[in-house]
Amino acid sequence: MLDIKYLRENFAAVEKSLATRGGTIDLSGFTTLDQQRRELLSKGEVLKAEKNKVSAMIGQTKNKSLVQAEISSMKEVSAQIKDLDDQLREVEEQLNQLLMGVPNIPHEKSPIGLSEDDNVEVSSWGEKPNLDFPPKAHWDIGEDLGILDFERGSKLSGARFCVYFGAGARLERALINFMLDLHTQEHNYKETLPPFLVNRASMTGTGQLPKFENDLFHTEDVDLFLIPTAEVPVTNLHRDEILNEKDLPLCYTAYTPCFRKEAGSHGKDTRGLIRQHQFNKVELVKFVRPEDSDAELDALLKNAEKVLQLLGLPYRVVDLCTGDIGFSAARTFDIEVWLPGQQCYREISSCSTFRDFQARRASIRFRREGAKKPELVHTLNGSGLAVGRTLLAILENYQQKDGSVVIPEVLKPYMGGLEKIEK
RNA sequence: GGAGAGGUGACCGAGAGGCCGAUGGUGCUCGCCUGCUAAGCGAGUGUAGUGUAACGCUACCGAGGGUUCGAAUCCCUCCCUCUCCGCCA
């Protein structure tokens, strides 16, 4: 959520900046609603002040028959107050609905552009493997090795579900452990294992609700949602809290499955592991002081890159343009891994700063040493990494002519010393 | 699922229609004291909205309604936590 005061005082500038996201972001109702709200508020407050004063007087009067006139006039005033409060509630609801639907203001350094074609490659790492045979796509590799079973996945659950077997299942588990160990032991993140179902307040805090309810799986008998990313439970850990400055930055890592309806991507990435309704991810989340957030985003990105470097997977980093940045984010770097089977780069991590956007929605603040007023923290998060996509990248990059897949060096201890996956 | 208890400020914990934005304690900040540390003494210390030159005013005691001139306090609904019993990973 944007700062209502900032919006009021910089309306034109905000409108202009939001326009760089493309699409239509309608702020036209704001000024009127904001004025109505303040008028109703001050009218009501004058009456409340009077009511409070007279009621106190009545309270001090022993003989109530002397104040019958005041009592009955206050009855009238109370009715007026109730009426104003009702009007106010309605205006505030509209205003809130409008505000909750407004995306974050893009970072001043984000490249301006309308679509992913305008994203800017900022770096790349590694050598694309030089294969002397036609590379297979991971779904063929996985099925041929008997470690991925898409048919049974759809039998059990439907399209976009997959079953892992044997060394495939173990590889997924190995990757989760490898990533968690790296981030906790080398990068100083605190491991957390949060709930996979969360309530509306949590989904609203990070910005999935109210706008993107259609993308979420929802439970029928109780009002809970399956998390689409660990960002939601982990960021909401500190919802409605005031943190100590000396505890910042707070850095968490979490493994969770992620559940996404993928509404609106029918027909896209229908084969393979790229786009599943359920996938595993190791997430990185930070709570930082505002002045540190840019540097912390760089550090977060480096931590995610490290995973790919250790796994020996070639990748590039892309600075998302204003038109491609998600609703809550101010700036996002995507890491894209090279997939020989498809001869293209595909997103494997997304590292973002939300500045105070989520912190305002979720009321996550901190108090500076000796300061009186709490301030909003900045929140950041990034995938470190999407596990399913990492697994498929390994299958495609480490595939051999004979159909086997070599295990990357750093994963061997996690695979019980296994050198390669073969039939 | 059955029975009971309870949700109050950063934390603990009083308050049971007006004197309560809320005693007290812990923590924190500032000052004093003290070779150092610990202890001690004194003062201060909630959040938000709104208007202003200063300062007010308003709201907030889990959430939402209701009763009343007046609600942390009474009534209703919901949510959450804890204890015991039952059931079950």
For this session: Name the nucleic acid region contacted by Asn52(A), choosing base, sugar-phosphate or nothing; use a 4.0 angstrom heavy-atom cut-off, strictly under.
Result: sugar-phosphate

Problem set entry | Nearest-angstrom distance from the residue atom CD of Glu241(A) to C1' of rG46(B) | 16 Å

For this session: Could you work out the separation of rC20(B) and rG27(B) based on their P atoms and round it to a whole Å?
Result: 27 Å

For this session: Using the C1' atoms only, state how far rU47(B) lies from rA10(B), rounded to an integer number of Å.
Result: 12 Å

Exercise. Counting any heavy atom closer than 4.0 Å, what does Lys5(A) reach on the DNA or RNA strands: base, sugar-phosphate only, or nothing?
Worked result: sugar-phosphate

Exercise. Which class fits the ring pair Phe259(A) and Phe217(A): parallel under 30°, tilted 30 to 60°, perpendicular over 60°?
Worked result: perpendicular

Exercise. Ala393(A): what forms a side chain to side chain contact (heavy atoms under 4.5 Å, CB included) with it, not counting sequence neighbours?
Worked result: Leu313(A), Val337(A), Leu339(A), Asn397(A)

Problem set entry | Euclidean distance for C1', rG40(B) against rG18(B) (whole angstrom) | 41 Å

Problem set entry | Nucleotide rG27(B), atom P - distance to NZ of Lys246(A) in whole Å | 13 Å

Seminar exercise, completed: Atom CG of Leu95(A) and atom P of rG49(B) are separated, to the nearest Å, by 13 Å

For this session: Pick the P atom in rC55(B) and in rU45(B), then give their distance to the nearest Å.
Result: 15 Å

For this session: Give a yes or no on whether a salt bridge exists between Glu213(A) and Arg200(A), defined as a side-chain N under 4.0 angstrom from a carboxylate O.
Result: yes

Seminar exercise, completed: Within residues 69-91 of chain A, the residues having a heavy atom closer than 4.0 Å to RNA chain B are Ile71(A), Met74(A), Lys75(A), Ser78(A), Lys82(A), Arg89(A)

Exercise. Of the residues in residues 201-210 of chain A, which ones touch RNA chain B at a heavy-atom distance under 4.0 Å?
Worked result: none

For this session: Starting from P on rA63(B), measure out to CZ on Arg239(A) and report it in whole angstrom.
Result: 14 Å

Exercise. Mind checking the C1' distance from rC12(B) to rC69(B)? Whole angstroms is fine.
Worked result: 37 Å

For this session: Write down the distance between CG (Leu33(A)) and P (rG49(B)), rounded to a whole number of angstrom.
Result: 18 Å

For this session: Return yes when atom CD of Gln97(A) has more than 12 non-hydrogen atoms of other residues, nucleotides or ligands closer than 6.0 Å, and no otherwise.
Result: no

Exercise. Using atom P of each nucleotide, how far apart are rC19(B) and rA3(B) to the nearest Å?
Worked result: 39 Å

Problem set entry | Donor-acceptor pair between Tyr315(A) and Gln309(A) side chains, under 3.5 angstrom | yes

Exercise. Which pairs, with at least one residue in residues 147-171 of chain A and sequence neighbours excluded, count as a ring pair (Phe, Tyr, Trp, His ring centres under 6.0 Å)?
Worked result: Phe161(A)-His277(A)

For this session: Indicate whether any N or O donor in one side chain lies under 3.5 Å from an N or O acceptor in the other, for Ser328(A) and Asn104(A).
Result: no

Exercise. Who pairs with Phe327(A) by ring-ring contact (aromatic ring centres under 6.0 Å, His included), at least two apart in sequence or on another chain?
Worked result: Phe212(A), Phe357(A)

Problem set entry | Between OG on residue Ser202(A) and CZ on residue Arg239(A), distance to nearest 0.5 Å | 4.0 Å

Seminar exercise, completed: Per nearest nucleotide of RNA chain B, the residue lying toward the 5' end, Pro374(A) or Glu50(A), is Pro374(A)

For this session: Answer yes or no: does atom CD of Glu90(A) have more than 12 heavy-atom neighbours from other residues, nucleotides or ligands under 6.0 Å?
Result: no

Distance-only donor-acceptor pairs under 3.5 Å for side chains of residues 416-423 of chain A, two or more places apart:
| unit_1 | atom_1 | unit_2 | atom_2 | d |
| --- | --- | --- | --- | --- |
| Glu419(A) | OE1 | Lys412(A) | NZ | 3.0 |

Exercise. Has Arg8(A) got a side-chain N or O lying under 4.0 Å from the OP1 or OP2 atom of rU50(B)?
Worked result: yes

For this session: Using heavy atoms and a sub-4.0 Å distance, could you list which residues of residues 35-48 of chain A are near RNA chain B? By number, please.
Result: Arg37(A), Arg38(A), Leu41(A), Glu45(A), Lys48(A)

For this session: For rC75(B) and rG7(B), measure between their P atoms and round to the nearest Å.
Result: 14 Å

Atom pairs under 3.5 Å: protein N/O with N/O of nucleotides 15-18 of chain B:
| unit_1 | atom_1 | unit_2 | atom_2 | d |
| --- | --- | --- | --- | --- |
| rG18(B) | N2 | Ser55(A) | O | 2.7 |

Exercise. Expressed as a whole number of Å, how far does the P atom of rU8(B) sit from that of rC61(B)?
Worked result: 12 Å

Exercise. Within the side chain of Thr253(A), is there an N or O that forms a donor-acceptor pair under 3.5 Å with the backbone of Lys190(A)?
Worked result: no

For this session: Report, as a single string ordered 5' to 3', how protein heavy atoms within less than 4.0 Å touch nucleotides 7-12 of chain B: B base, S sugar-phosphate only, - not at all.
Result: ------

Problem set entry | Interatomic distance, Tyr6(A) OH vs rG49(B) P [rounded to whole Å] | 17 Å

Exercise. Where each residue is assigned the nucleotide of RNA chain B containing its nearest heavy atom, which of Ile4(A) and Arg365(A) is assigned the position nearer the 5′ end?
Worked result: Arg365(A)

Seminar exercise, completed: Asp240(A) CG to rU47(B) C1', in whole Å, measures 11 Å

Problem set entry | Residue pair Thr379(A) / Gln358(A), side-chain donor-acceptor N/O under 3.5 Å | yes

For this session: For Asp83(A), check side-chain hydrogen bond (donor to acceptor under 3.5 Å, both in side chains) against everything at least two apart and list the hits.
Result: Gln87(A)

Problem set entry | Distance-only side-chain donor-acceptor flag, Lys51(A) / Ser78(A), under 3.5 Å | no

Exercise. Are Asp85(A) and Lys48(A) within salt-bridge range, i.e. N to O under 4.0 Å?
Worked result: yes

Problem set entry | Interatomic distance, Leu300(A) atom CG to His183(A) atom NE2 [nearest 0.5 angstrom] | 8.5 Å

Exercise. Using 4.0 Å as the upper bound for N to carboxylate O, is an ion pair formed by Lys302(A) and Asp298(A)?
Worked result: no

For this session: Sequence neighbours left out, what pairs pass ring pair (Phe, Tyr, Trp, His ring centres under 6.0 Å) with at least one residue falling in residues 60-110 of chain A?
Result: none

For this session: Considering only NZ, NE, NH1 and NH2 on the basic side and carboxylate oxygens on the acidic side, decide whether Arg331(A) and Asp319(A) come within less than 4.0 Å.
Result: yes

For this session: Write out the stems for RNA chain B, ordered by first number and formatted as range with range, counting runs of at least 3 consecutive Watson-Crick or G-U wobble pairs under 3.5 Å.
Result: B:1-7 with B:79-85, B:10-12 with B:24-26, B:27-32 with B:40-45, B:46-51 with B:55-60, B:62-66 with B:74-78

For this session: Round to the nearest Å and state the distance from Arg368(A) atom CZ to rU29(B) atom C1'.
Result: 17 Å

